[in-house]
Protein chains: 2
Amino acid sequence: MNASIKSSQRTLELFELFSLEQRPLTIKEITEALGMPQSSTSVLAKSLVSLGYLEKNEMRRTYYPTLRISLLGTWIRRQHQRAGQLPALLSEVARVTGESTILAMRNGIYSQYLIAQKGNSPTRAQVESGMLYPLACCSTGWCLLTLESKEAVSKIVRRTISEAKNEHWRKSAKHAVEQVELTQNRGYAFSKGETMERLGAISILLPSMPGAYAMSAGCGGWVDRVEGKKDLILGALNELAHSVRQLKDQDEQILFS
Amino acid sequence: MNASIKSSQRTLELFELFSLEQRPLTIKEITEALGMPQSSTSVLAKSLVSLGYLEKNEMRRTYYPTLRISLLGTWIRRQHQRAGQLPALLSEVARVTGESTILAMRNGIYSQYLIAQKGNSPTRAQVESGMLYPLACCSTGWCLLTLESKEAVSKIVRRTISEAKNEHWRKSAKHAVEQVELTQNRGYAFSKGETMERLGAISILLPSMPGAYAMSAGCGGWVDRVEGKKDLILGALNELAHSVRQLKDQDEQILFS
DNA sequence: CACAATTCATCACATATGTGATGGATCAAT
DNA sequence: ATTGATCCATCACATATGTGATGAATTGTG
């Protein structure tokens with residue numbers, strides 16, 4: 001997509017990896033997990049040690065983040081919402097439904113996964129935090145697009161058609177406007193193969209605070225299985241939305257008390 | 001010597017700046033705060049937006065971190081809480097003294113709380129991790145300032161006086177230089193109302209490894225109560241420092257064995 | 001204790017990024 | 001609306017960083 005600064009990206013990817021593994025890692029492990037050359041990993045890790053963000057255990061040759069990184073993002077939870085609880089709530093949806101569950105936000109013309117919890121049922125769906133699918137081509141995206149004007153949606157659809165990486169998305173995007181309208185009317189989105197063939201997902205928009213960016217939650221896997229579980233999934237997602245709403249209300253009370 | 005990767009460093013500095021300001025920032029504000037060229041800031045911010053770590057408000061031309069950054073470091077405190085030694089050691093100080101105990105590091109002209117353990121005794125003090133008080137206006141800050149040159153301290157004091165959010169801190173900052181000297185001489189800092197009225201705290205500098213960032217530990221509550229417990233608190237803090245020193249030594253022994 | 005297999009730090013050239021200059025976009029004031 | 005002042009995105013060359021190859025350090029094995 002857009003040009004991004006490689007070492008900046010890798011720095012963040014490295015800390016995301018640690019947040020995934022939550023244990024000391026060797027250069028080799030980082031190298032393999034992030035798919036970058038070993039020499040680059042060595043240099044990056046060394047730099048982060050000298051900046052005080054990573055600690056090196058010379059004996060075991062492992063690296064581990066220092067407490068310092070906790071300052072980067074801890075505050076935002078209190079500010080925005082209780083992000084620490086969201087993963088647990090998503091896991092609950094994944095557990096109840098058996099399907100992969102994600103939290104997504106808009107990024108440009110894409111829907112980007114913030115948190116992903118894999119379900120028990122097998123899929124080939126790519127669900128990892130940071131992944132991007134066009135807003136126009138996935139159920140989480142349609143939810144987010146209900147917040148936009150018709151003109152804005154059209155514009156996004158047009159950009160998607162001209163920029164999409166594959167023919168499948170280009171084709172899906174052509175039906176996006178009606179999908180967004182449908183989502184608007186019935187309160188949830190249901191994709192059936194538009195994102196990836198044979199995969200489907202149901203999504204809803206999550207309540208968001210004024211000024212904060214919108215997020216949607218989705219749940220899905222093989223489309224036929226999802227169709228059979230429709231009511232179960234919708235129920236779980238609505239419960240999630242309800243819990244999030246409660247968290248927001250708590251935050252607002254705290255804010256003004 | 002300290003070869004560090006520039007864009008990696010800047011990325012982290014940028015998020016630390018947000019953790020300091022905790023509000024949307026413009027390119028210009030970031031440029032000035034971090035002392036980097038405006039064109040570089042633009043490119044970095046754009047890259048971080050495309051990576052999903054920053055959100056741009058096109059209307060106001062401001063940037064703000066997304067929830068995604070909270071995923072980078074939120075887990076590590078929970079981890080330390082369970083397995084790490086520092087939180088346990090701090091809890092011990094809080095238990096023995098009955099007062100709130102914190103671990104702090106420098107962030108800009110502020111002392112920021114890495115870990116906070118509440119004491120049993122009641123206070124109105126705000127002690128939560130991520131919170132900020134001016135270096136010049138709190139005992140943890142005075143400890144950290146003993147590491148700086150007189151010129152650097154004066155500069156920080158001047159900035160604090162001009163930027164402080166309230167009159168109380170502006171007033172406190174005027175006595176910061178002598179407090180830092182006092183701290184230097186007697187080996188501990190003792191604030192008596194400078195941070196918040198009627199509250200006081202005793203702090204000491206923790207031993208740090210070469211290259212690692214400096215941290216100080218503080219313990220306090222209502223100032224008259226703290227004055228009464230001065231020896232108890234100092235004893236507990238010194239024991240903490242001793243334990244930390246031992247941890248470090250262990251690491252170094254491992255290093256050279 | 002020697003040998004083989006891993007793992008990692010370092011170097012030097014290929015590539016990516018930083019940045020001064022520029023002008024377009026937006027804002028504030030009349 | 002018009003002007004002048006800010007603010008910021010972009011470009012092209014200067015600088016910083018990435019990376020394959022290498023061998024040193026460490027670990028595993030008998």
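No hydrogens, no waters, no symmetry mates; every other heavy atom, side chains included, goes into these values. Lettering follows sequence order; numbering is per chain, from 1.
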(request) Give a yes-or-no answer on whether the side chains of A/Q179 and A/T183 include a donor-acceptor pair shorter than 3.5 Å. (result) no
(message) Considering every strand and a 4.0 Å limit on heavy-atom distances, what is the contact class for A/T41: base, sugar-phosphate, or nothing?
(response) nothing
(message) Has B/S111 got a side-chain atom pairing as donor or acceptor with B/N107's backbone, closer than 3.5 angstrom?
(response) no
(request) Tell me whether the OP1 or OP2 atom of C/dT15 has a side-chain N or O from A/K6 closer than 4.0 Å. (result) no
(request) Spell out, as yes or no, whether a donor-acceptor pair under 3.5 Å connects the side chain of B/R106 to the backbone of B/G108. (result) yes
(message) I want to know whether A/W75 and B/Y64 have ring centres closer than 6.0 Å.
(response) yes
(message) I'd like to know if the side chain of B/S50 pairs up with that of A/S4 as donor and acceptor (distance under 3.5 Å, no hydrogens or angles considered).
(response) no
(request) Send over the distance from B/L44 CG to D/dT10 C1', rounded to a whole Å. (result) 16 Å
(message) Using five pairs at each end of the helix from C/dC1-D/dG30 to C/dT30-D/dA1 to define an axis, what is the angle between those two axes, to 10°?
(response) 70°
(message) Using whole Å, what does the distance between atom C1' of nucleotide C/dC27 and atom NZ of B/K28 come to?
(response) 13 Å
(message) Please identify which of these residues, B/L44, B/L51, B/L48, meets the side-chain contact (heavy atoms from CB on, under 4.5 Å) condition with A/I5.
(response) B/L44
(message) Without decimals, in angstroms, what is the distance between B/K46 NZ and D/dC11 C1'?
(response) 12 Å
(message) Measuring to OP1 and OP2 of D/dC8, would you say a side-chain N or O of B/S42 lies under 4.0 angstrom away?
(response) no
(request) In whole angstrom, give the distance that lies between atom CE of A/M36 and atom C1' of C/dA16. (result) 14 Å
(request) Could you tell me the separation between the CG atom of A/L48 and the C1' atom of C/dA9, rounded to a whole number of Å? (result) 16 Å
(request) Tell me which of A/S8 and A/V43 sits closer to the 5' end of DNA chain C, going by the nucleotide each one is nearest to. (result) A/V43
(request) Would you give a per-nucleotide map of nucleotides 20-26 of chain C, 5' to 3', where B means the base has a protein non-hydrogen atom under 4.0 Å away, S means only the sugar-phosphate does, and - means neither? (result) BB----S
(message) Can a side-chain donor-acceptor contact be found between A/S8 and B/S47 if the only test is distance below 3.5 angstrom?
(response) no
(message) Hydrogens and angles aside, do A/Q38 and A/S42 bring a side-chain donor and acceptor to less than 3.5 Å of each other?
(response) yes
(request) Round to the nearest Å and state the distance from B/L25 atom CG to D/dC7 atom P. (result) 14 Å
(request) Pick base, sugar-phosphate or nothing for B/R10, based on heavy-atom distances below 4.0 Å to the nucleic acid. (result) sugar-phosphate
(message) How many whole angstroms separate atom CD1 of B/I5 from atom C1' of D/dA16?
(response) 10 Å
(message) Please determine whether salt bridge (charged side-chain N to carboxylate O under 4.0 Å, His left out) holds for the pair B/E167 and B/R170, giving the CA-CA distance in whole Å, both sets of side-chain angles, and the decisive distance to 0.1 Å.
(response) CA-CA 5 Å; B/E167 192 52 44; B/R170 212 162 288 133; 2.8 Å; yes
(message) I need the CG-P distance between A/L14 and D/dG18, as an integer number of Å.
(response) 12 Å
